[in-house]
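Just below is one structure, and these are the notes that go with it.
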Amino acid sequence: MLYRENGQFKTSYAADQQIFPIFQERWAMALLLLVAFVVLPLVGSEYWFRAILIPFLILSLAALGLNILVGYCGQISLGTGAFMAVGAYAAYNFMVRIDGMPLIVAMLLGGLSATVIGVLFGIPSLRIKGLYLAVATLAAQFFTDWAFLRIGWFTNNSSSGSVSMARLDVFGVPIESPVTKYLFVLTVVCVFALMAKNLVRSAIGRQWMAIRDMDVAAAVIGIRPMYAKLSAFAVSSFIVGVAGVLWAFIHLGAWEPAAFSIDRSFQLLFMVIIGGLGSIAGAFLGAGFIVLLPLALDQIPHLLGIPLSTATITHLVHMIFGALIVFFLIVEPHGLAKLWSVGKQKLRLWPFPH
Amino acid sequence: MDTRTSAPEPGQGGAGPDTFPRWLMHHAKARPQQAAMREKAYGIWQTYTWAQVAENVRAIACGLAQLGFKRGDRLAVVGDNRPRLYWSVAACQCLGGIPVMMYQDAVAQEMAYVLQDAEIKFAVVEDQEQVDKMVEIQPDAPLLEHVIYDDPRGMRHYTQTLLMGLDELQEMGRIHDRNQPDFLDGEIAKGASDDISIMLYTSGTTGKPKGVCQTHGAFIAAASGAIQFDKLTDKEDILSYLPMAWVGDHLFSFAQATVAGFTINCPESGETVMNDLREIGPTYYFAPPRVFENLLTQVMIRMEDAGSLKRKIFHHFMDVARRCGADILDGKPVSGGDRFQYWLGNLLVYGPLKNVLGMSRIRVAYTAGAAIGPDLFRFYRSIGINLKQLYGQTETCAYVCLQPDGQIKLDSVGKPAPFVEVKLADNGEILVKGPMLLKAYYKRPDATAESINADGYFMTGDAGFFDEDGHLKIIDRAKDVGKMADGTMFAPNYIENKLKFFQHVKEAVTFGAGKEFATAFINIDLEAVGNWAEKKGMAYSGYTDLAQQAAVYELIRDCVEKVNADLAADPNMSGSQIKRFLILHKELDADDGELTRTRKVRRNFIAEKYGELIEAMFEGRKTQFIETQVKYEDGRTGKVSADLRIEEVKTFAPQAGKRAA
Amino acid sequence: MDMTDMNAASATTPPGRRQGEVILDLQNISLRFGGVKALTDISFNVREHEIRSIIGPNGAGKSSMLNVINGVYHPQEGKIMYRGQERQRLEPYMAARQGIARTFQNIALFKGMSVLDNIMTGRNLKMKSNLFQQALFWGAAQKEEIAHREKVEEVIDFLEIQNVRKTPVGQLPYGLQKRVELGRALAAEPSLLLLDEPMAGMNVEEKQDMCRFILDVNDQFGTTIVLIEHDMGVVMDISDRVVVLDYGKKIGDGAPDEVRNNEDVISAYLGTSH
Amino acid sequence: MGFFLETLFGGLMAGMLYSLIALGFVLIYKASGVFNFAQGAMVLFAALAMSRFAEWIPQWLGFESLLLANLLAFVAAMAVMIMLAWAIERLCLSKLVNQEGITLLMATLGIAYFLDGFGQTLFGSDIYNINVGMPKDPAFILEGMFEGGVMISKEDLVAAVIAALLVVVLALFFQKTKTGRALRAVADDHQAAQSIGIPLNKIWVIVWSVAGFAALVAGIIWGSKLGVQFTLSLVALKALPVVILGGLTSVPGAIIGGLIIGVGEKLSEIYLGPMLGGGIEIWFAYVLALGFLLVRPQGLFGEKIIDRV
């Protein structure tokens, strides 16, 4: 309805291959970024940043990483939490063991460490598929849970098993207040989302999708299954690892291994399914949904005057997530992102139905 | 005698360059980097600037010269709208040659006729398909020396010596140009405004096609007149998808584009026209009524599938548009409430609709070539598309009358265009004079003499009259206008058009000259009636079956009755109401010679072919058996036969007084 | 089907064009799955630039043969000479690197991707930019994308599928999907193209188009083609040489006319619908 | 040596319980190709139903017999599990026919989440007891051979016996009954099964009910040992490596895999654990299974997977 595409013709492949080829969408995206970078920091309350926006952004990033593996390359992972943990603990160690380690470098090193572990646990994917791979990634999950709990070296021998990070800064700017934290996270997420988008629309992204859609045919046209799968594990774990660093350093501040338990892994998988397998936007939609739903279940009955107990909310959230997973898998395996794009398509065709 | 002119200012046509090659070179200097042509190819709009176009035209021209193309030679150009074919036209003109445009869907024999008639030695064709035809008719066209093809696909194993790729020709031309850099400029300098710039064959409802020779001066006058009239600039975008051999395309895509310096856009292929239209979103648009009609039919059919809420919104705002849309477009006073509703409608319906149709950016759109249905015309104007009608022939560069902005009437073709003088003969025939008249029919002095009278007026063969505001109204072909037995006027086209405005009627042919009453052949519109039948749950196996169903006759009878009621209201026409009709068992087809290539009915041919049916109708028989030979797309022939029903329709007593719209 | 067009096309072919060196030589190939013999002691060769057909009743081992050629299956016995060298056990992606491309009997397109992307994957071997360049996109990766897009657009143009280029392949009718699959193989600019029943399930018009494409590919690019096809009319019309399999054994080999008159072949086909 | 045997027995007992849960996986996988991640949630759900019914039914009906209460609760819980099986087939599986394994896996993850929430909403989320009269005191065997004998839990012993019985019952069910044979036919070839006239959806309801039965038994045993609480559904995660090890399609594999994992876990915890900082039970089973996967992806008793082109 709002689209006016006449005259938006492409005279070069560069123009045709833009991320947002339609003028109106480019503007909408610019507007969204403007709101995120300028308007929200001006009007947002501390609660917004702390409880909604920062977790939303970081989980989006983690879901984005997972989506590359699951949605684009078709390799299941139930151990996302583990890779987040690897990122977080590795970065922590780089920070405490090396004097003057800049936050961004530590973050990237954390990501790289997650990459190494990710590729290691991805190796079974060359031989096994589907459910078997799920078990392999679960192994990663349980193993890291244990390692960060029991091996004192990782926690710098912290007596409580909990570690913390404070007084962070980037190029001398302290990342202390909720707004600066938010802006830092937002920047990181935007950069990574853009790079992820670039990857999935390039040769490597097509290789991943080819492996996902039909691995024999992919091999027959010369795609090396090993390279495609392991690169997906590498890129995915890198992004997930960075998300882990942000989650630990920025969102939690102080954490223990339980922060990256198997529940976190499932939660991220749900985000990807509900948000949309094989879609960058889907990661954000899924994360938004899963972050907001419990808050909504908490707030709305409250406003209606029928407050629910915390336990009831937890159970309700479980039920709704579970039902939604099944619902989306049956009705729309490509999740909210697909619904979004269907809506967009409807708007483009309005007033026609097809 | 009724003469109207629109203040002729003959000087104006000559303000710029006076031949097309000079216009081209002018743009190459004045706006070298501006887009002259775009072609959707390989997924994107490949763009050619004026400088590039000039360079390419140069290369083709020099290449042709190298092959021995001489001043005055004819160059056949056949194919879809491809930039290189347009360039070939321009290149030919640079050399002082005469491009002869041929319809790409013509069968080999038709092409052979043109090749012989125009004594053609050189042809530029689009692809293998056209090459095959050329090779096939080569024995019949002994003069043909060179056939140059644009698309080399599939041409590897053709060994005929007369074939050459356009790429090679251009390469040859570039070398020629390097060796003799002044050659082409010299040739261009030799050109004169009075030289023949193009030959377009009229399909001719009778007899063999005639080559209409138009001069540079004529088409430049027609082009610049229209440019002034509609204030066209070099920023316009136009989609070139109509046959290059049609005068309309030559005027809009070649003459006007070359004079105004705007951009023409060639679609990727026949199947992608709608999509390409949507992408380009032309600012200036030209199409025969059937294109607009097809679009509207599609709109309506697609809306049928929409949810009820959407349909309600759509119909509500279409009502609003009908009420006030045209007035808003014409700048007439409209109430604030309606203005608001229209604004809302524009947001919700008209805007999106235009976007999907590819018409968001249209400033001016024209239709011509046949009468357009009032509902159809009103629809496009009401949603804010400045659709206008024009009137003209191949012989007048499709340029006689234009509807001025703000003075649009549904049933007129507007006022005489700049530089044009229009006069009505005593028998109602429209006579025109002006710089855009043809120079001659090629090698047909007799025909030329017949069509231009002693005073230098071209006799259009159309009958019409001026209304009180000076707008020309066309009734019919002058020679087709006959008299009923009682002496009242019988204008078959006029009636047929009224019939064809119903969406279920695709073609109609009426008979009645010298008779007590009129009768009609009807072709139903397979898509529209088929849809209607499906909704009603009727089963049918194809056109012939559907056409003979009683319910369909019922449906068509309604249409005919409405036309009768309409005719009854017009004192001149009331005698020619249709008393009997039948639905033909096959669709009238150009391949069977029943229609012209521009889909005009060949009345006499049909009357002869289906004589027994006409006789049966006038004799009042209830059914009539008929067997007809048909030609299929692949060239084979077959037979179709059927027992056709003939049905009676109610006629109305003539009413004096107000006419229905 | 009406093959008059095809005859016309081959009639204009200069004689002797398809005489080339032996590019692929299969010697005494045997393939077993567990205890089941799929191929038994099969030998034949393929010459450069020819169209070589493999025919035979259902279950004759035709597809297995193609799978052996491009490394999906590994025969237990026999030798494969490719371009004069004995080929070691290789994986499918390595066969692709040697210029062997193929299509599948049951369409094996990447369902989640558009026509354009599917064909683009056919170019993957020729794309050299690394992960980091691709992540940054603007620069080397984009330049490469554009360069390969141009090639892919030529394939799209060649196969006349312009109007569906951005459609997800899953939404296309069967015949067009087959065409896209051919396009994906062509995008790799193979020297040896394996086609597994490219015309199965098509109507006459689609078959004619596909025939034309195959002949054009062979003709314009000189691609050697190994073809499995059920439609005998097509096979006899477009092949230079035909090899006939039955129950995993070779029962005939030679020019179409020879094969047509071969008694073993006739008896193998007796009682079948072909 | 006595300590070693004690550990070994302990491991075998725990392994038997893993086997019980793994059995549920195998049954469902064999019949429908679904890797049922919700088996753990089903165990919790069944245990919750059992314990709460055993508490509620005497209240509703006003009697005090523990045996009767348990019996009725068992019947009620089983009815609930059958209803659940029916609902899962109806609402979920029937709509996901012919989907890829990975999709089905994710769907059962959804079911697991739903059941966790649903069970606790329905039956409450405290820690409950199941008292079916399991002996709580330890027993000592082989006292003649070692000083002090080898201590084993009678409860474990009973559980092991029950588990073994269950396996026998299931084996009989599969071999001897018509339904059981039908189930095996489905496992071998979906289309063949349909063509001999067995409605697939009915088969699935049965097989999920049987898996529900296994879950109920496992739930009762684990529940009476550890108390019925949320962590019960996590125990099921232990069963995953068991089926990987034993082979996804093999009933004996589930049993033997369970025993291996159970014993391996205990022994490694005792003998390897101290070196690694303890608590390696959490991951030992998984790493074992992972190692195994790389060598023999089909598991000990599974069928070899051949990809056909």
Side-chain angles (χ1 to χ4, degrees), chain A residues 10 12-19 21 68 71-74 115 126 191-228 230-232 234-235 238-239 276-279 333-334 338 341, chain C residues 66-67 70-72 91-104 107-113 116-118 120-138 141-150 152-153 166 169-170 181 184-185 187-188 190 194:
Chain A
K10 309 297 179 203
S12 69
Y13 292 125
D16 193 52
Q17 290 166 344
Q18 289 172 87
I19 298 175
I68 284 184
Y72 284 96
C73 198
T115 306
L126 303 179
V191 169
F192 275 91
L194 182 62
M195 295 210 290
K197 180 73 199 174
N198 284 340
L199 283 177
V200 299
R201 66 188 174 128
S202 295
I204 189 72
R206 285 190 297 269
Q207 293 193 10
W208 292 338
M209 290 187 272
I211 289 282
R212 169 195 71 190
D213 286 348
M214 187 143 300
D215 51 358
V216 179
V220 162
I221 55 168
I223 293 171
R224 268 183 306 166
M226 184 178 79
Y227 178 75
L230 289 188
S231 64
V235 170
F238 182 77
I239 296 176
L277 290 163
S279 155
H334 295 286
K338 185 63 189 282
S341 75
Chain C
L66 287 199
N67 283 328
N70 80 328
V72 177
E91 295 301 319
Y93 76 86
M94 289 151 76
R97 267 153 216 254
Q98 296 181 354
I100 303 177
R102 77 171 283 188
T103 66
F104 294 82
I107 297 168
L109 287 171
F110 307 128
K111 291 222 165 43
M113 296 156 75
L116 189 63
D117 281 342
N118 263 280
M120 280 293 267
T121 57
R123 304 285 309 166
N124 82 90
L125 280 179
K126 303 196 156 42
M127 300 185 83
K128 302 289 177 234
S129 64
N130 63 35
L131 205 66
F132 297 100
Q133 288 169 326
Q134 290 180 29
L136 296 174
F137 194 72
W138 295 277
Q142 185 178 28
K143 238 172 102 184
E144 193 176 37
E145 281 283 309
I146 289 172
H148 289 278
R149 170 80 186 271
E150 282 169 10
V152 165
E153 285 290 347
K166 295 204 172 157
V169 289
E181 211 192 357
R184 188 179 64 191
L194 314 177

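We name chains A, B, ... by the order of the sequence lines, and we start the count at 1 in each one.
Ranked by heavy-atom pairs under 4.5 Å with chain A, the list C:N130, C:T103, C:L136 is led by C:L136. Of the listed residues (C:M120, C:E181, C:Q142, C:M127), the one with the most heavy-atom contacts under 4.5 Å to chain A is C:M120.
Here the closest non-hydrogen pair linking A:A217 and C:A108 is CB-O, 3.4 Å. Taking each heavy atom of A:S202 and C:Q134 in turn, the nearest pair found is CB-OE1, 3.4 Å. Heavy atoms only, all atoms of each residue included: C:A96 and A:A219 are closest at CB-O, 4.5 Å.
One distance of note links CG of A:D213 with CG of C:N118; it measures 8.0 Å at 0.5 Å rounding.
If you measure heavy-atom distances from C:I100 to chain A, the contacts under 4.5 Å come from the backbone alone. No part of C:L116 comes within reach of chain A, as not one of its non-hydrogen atoms sits under 4.5 angstrom from that chain. Both the backbone and the side chain of A:A218 have a heavy atom closer than 4.5 Å to some heavy atom of chain C. Both the backbone and the side chain of C:M113 come within less than 4.5 Å of a heavy atom of chain A. At a 4.5 Å heavy-atom cutoff, the contact between A:R201 and chain C is made by backbone and side-chain atoms alike. The contact between C:I146 and chain A is made by backbone and side chain atoms together, counting heavy-atom distances below 4.5 Å. Proximity to chain C is limited to the side chain of A:V235, based on heavy atoms less than 4.5 angstrom apart. Using a 4.5 Å cut-off between heavy atoms, C:E153 contacts chain A through its side chain alone, with no backbone atom that close.
Partners of A:D16 under the salt bridge (charged side-chain N to carboxylate O under 4.0 Å, His left out) rule, at least two apart in sequence or in another chain, are C:R149, C:K166. With sequence neighbours excluded, the residues that form a salt bridge (charged side-chain N to carboxylate O under 4.0 Å, His left out) with A:R206 are C:E145.
A donor-acceptor contact shorter than 3.5 Å is absent between the side chain of C:N70 and the backbone of A:V220. Formation of a donor-acceptor pair under 3.5 Å by the A:Q207 side chain with backbone atoms of C:N124 is not found in this model.
Using a 4.5 Å heavy-atom cutoff, the side chains of A:I221 and C:F110 are in contact.
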